[in-house]
Amino acid sequence: MRFFPWGFLLLCVAAAVSSSARSDGGNKAKSCSELRQLYGAKGFSPSGVPQAEISGEHLRICPQGYTCCTSEIEENFANKSRIEFESMLKEATRSVQIILTTQYKNFDGYFQDLLNKSEKALYDTFPGMYGDLYNQNTKVFKDLYSELRRYYRGSNINLEEALTEFWTRLLERLFKWMNPQYHLPDEYVDCMVKHSEQHKPFGEIPRDLKLKATRAFIAVRSFVQGLGVGNDVVRKVSQVPFSQYCTRAIMKLMYCAHCRSMSNVKPCNSYCLNVLKGCLANQADLDPEWKNLIESLLLVADRFDGPSNVDTVIGTIHNRIAEAISNMKENRDSITAKIFQGCGNPKMNSKASNVEDKKRRGKHISEDKPSGLSSEKLVSDAKGKLKEIKDFWVALPTALCNEKISSMSGNEDRCWNGMTKGRYLPDVMGDGLANQINNPEVDVDITKPDMVVRQQIMQLKIMTNRLRNAYNGNDVDFQDTSDDISGSGSGDGCLDDVCIKRQSKSSSTMPPETYPIPKQSGQGVSGNDSSVFLPSSFLLLLSLAADIATWYLWR
């Protein structure tokens, strides 16, 4: 029987362990040396050995075991991690801003192009079609398009009244032009206008255009304004500073492993989520009202088709005007007779010459649509983009951890857990401020919500409320944002002392109602019950009062 040389085997194992220890020590020393060269103070040499680990009692953020990091390195890491995290957050929010700004510019440019082409078609064709009737009354038509633009940009204009005023002025001038042999004083003209609804000199066109144009313009301007407000909310919230507890937690997450010579070990995903859910707790509270805004925008976008199709309504205003004029000219005798019957026979105008209504050859008014995308294509693209960012605020921690910071799933036992390389055991916290009371990684004071974020939540509520009105065809007044709305994506035009006003009751608007705007937007949208969309000034003010009262109680 032969005996195995166990002594020799033990010697070999001991030699291997010794060699491995020397090798590991060499790697750590090299790692510490490189770390201090990159982030440490020049000339640092603890015990004359610049590459050795040192005791970590001086560390304020990282675990206080043996470490490669000096106090200066730890401070440098803290600054570096803060800058990198802010950069990651800025990049994420910038992607949302780009989506909103792009959609804003696309729709704003499209709507203005529709209106511009309609106005240009009128200027190009009406002189040849109507001659002196147009040339002597150019201002009437220019004023109409000017009012439409002002309304779209958010001026406090009653669109129905503006349209009614246009038809009244056009009726006065057209009737005088068709009857130059009569003396028509102001009193007679007032009588004629008073009976115009009964006689319908322009047929049903004024009523039809008022109904469709009002709904189309309400939807258009509230939709564009909603995109601008959403962009402003993202911009302002992205500038909210982080607490010192958050910056410390971020540094521990991203760089404390380096101090333990584990620079290649990424943080555990659950650990990363707890840190970011704590740091972004206030931002996550935007989620309910942010979703409500996006859902409301999607609903209003549906109004661009059907009876309120913006291509048809806005792009063919000049055609409807031409139809109305032609209707009155074709029925001039019967209309004149009805007016004379209701208001009496006017006196003859001895100075007036008989002007023959000569037929003119003018350009045919086409129904050209603006070049580029149709509203159908724009709406389809916008819906896809808006759905992409609907869950942005609650999905942000997961997106940043998965894409930028933490290890992939499957490495739960080989990741940085804040203390060492191993599994992260604590549960992942929920979203929002209230769920961070037991966050093991970030000390979050849930009694002190960030007031900038709370203000933006209220702005989202107000804007959503405007969109609800627009969805139902109810008018709201906006502050004039003509300086901000030309492609900047700004929604700042409706802040501070602005009020939303519902216009006077008519066939397409609801009774007046006014309530203050603390800063920008409305509330959620769900279901098809139209009563869900009715605004309530009392509830809105109550909500704001409750937010403020709660904040003071928390303090």
What pair of heavy atoms forms the shortest contact from [X] to [Y], and how long is it?
X    : Y    : value
I99  : E388 : CD1-OE1, 4.2 Å
G315 : L114 : CA-CD2, 3.9 Å
M178 : R332 : O-NH2, 2.9 Å
K277 : G430 : CD-O, 3.8 Å
Y152 : Q112 : CE2-CG, 4.0 Å
A301 : F223 : CB-CE1, 3.9 Å

Distance only, no hydrogens: is a donor on one side chain within 3.5 Å (strictly under) of an acceptor on the other, for [X] and [Y]?
X    : Y    : result
N465 : R468 : yes
Q456 : R235 : no
E119 : Y123 : yes

Please examine the side chains of [Y] and [X], heavy atoms only from C-beta on, and report whether any two atoms are closer than 4.5 Å.
X    : Y    : answer
T138 : F126 : no
V234 : I389 : no
V394 : L286 : no
L467 : Q225 : no
E289 : W393 : no
N135 : P127 : yes
L227 : D108 : no

NZ/NE/NH1/NH2 to OD/OE distance under 4.0 Å, [X] and [Y]:
X    : Y    : answer
K194 : D190 : no
D381 : K385 : no
E172 : R169 : no
E295 : K390 : yes
E323 : R320 : yes

Next on the checklist: I'd like to check the salt bridge (charged side-chain N to carboxylate O under 4.0 Å, His left out) partners of D450; sequence neighbours left out, ordered by chain and number.
Outcome noted: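 Applying salt bridge (charged side-chain N to carboxylate O under 4.0 Å, His left out) to D450 gives none.
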
Item to check | salt bridge (charged side-chain N to carboxylate O under 4.0 Å, His left out) partners of K120, counting only residues at least two apart | outcome: D124

Short question: side chain of [X], backbone of [Y] - any donor-acceptor pair under 3.5 Å?
X    : Y    : result
Y471 : R303 : no
T102 : I98  : yes
N331 : N327 : yes
T164 : E160 : yes
D113 : G109 : no
N179 : Y182 : no
S196 : V193 : yes
S222 : A219 : yes

Output the distance between atom [atom1] ([X]) and atom [atom2] ([Y]), rounded to the nearest 0.5 Å.
X    : Y    : atom1 : atom2 : value
N282 : C279 : CG    : SG    : 11.0 Å
E147 : N158 : CD    : CG    : 10.5 Å
T101 : R94  : OG1   : CZ    : 11.5 Å
Q283 : L433 : CD    : CG    : 10.0 Å
L148 : R153 : CG    : CZ    : 12.5 Å
T214 : L159 : OG1   : CG    : 4.5 Å

Checklist entry - Got a sec: does the CD of Q239 have more than 12 other heavy atoms crowding it under 6.0 Å? => result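 Counting other residues, nucleotides and ligands, CD of Q239 exceeds 12 neighbours.
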
Checklist entry - side chain to side chain contact (heavy atoms under 4.5 Å, CB included) between R221 and Y151: does it pass, once the steps are laid out? => result CA-CA 8 Å; R221 78 168 185 174; Y151 178 86; 3.7 Å; yes

Ring centres under 6.0 angstrom apart ([X], [Y]):
X    : Y    : value
F242 : F85  : yes
F111 : F107 : yes
Y130 : F141 : no

Checklist entry - What's the verdict on side chain to side chain contact (heavy atoms under 4.5 Å, CB included) for L170 and N137, showing C-alpha distance, side-chain angles and the deciding distance? => result CA-CA 8 Å; L170 184 60; N137 300 286; over 6 Å; no

Item to check | ring pair (Phe, Tyr, Trp, His ring centres under 6.0 Å) evaluation trace for W290 with F392 | outcome: CA-CA 9 Å; W290 178 261; F392 173 73; 7.1 Å; no

Checklist entry - How are the rings of H195 and H199 set relative to one another: parallel (under 30°), tilted (30 to 60°) or perpendicular (over 60°)? => result parallel

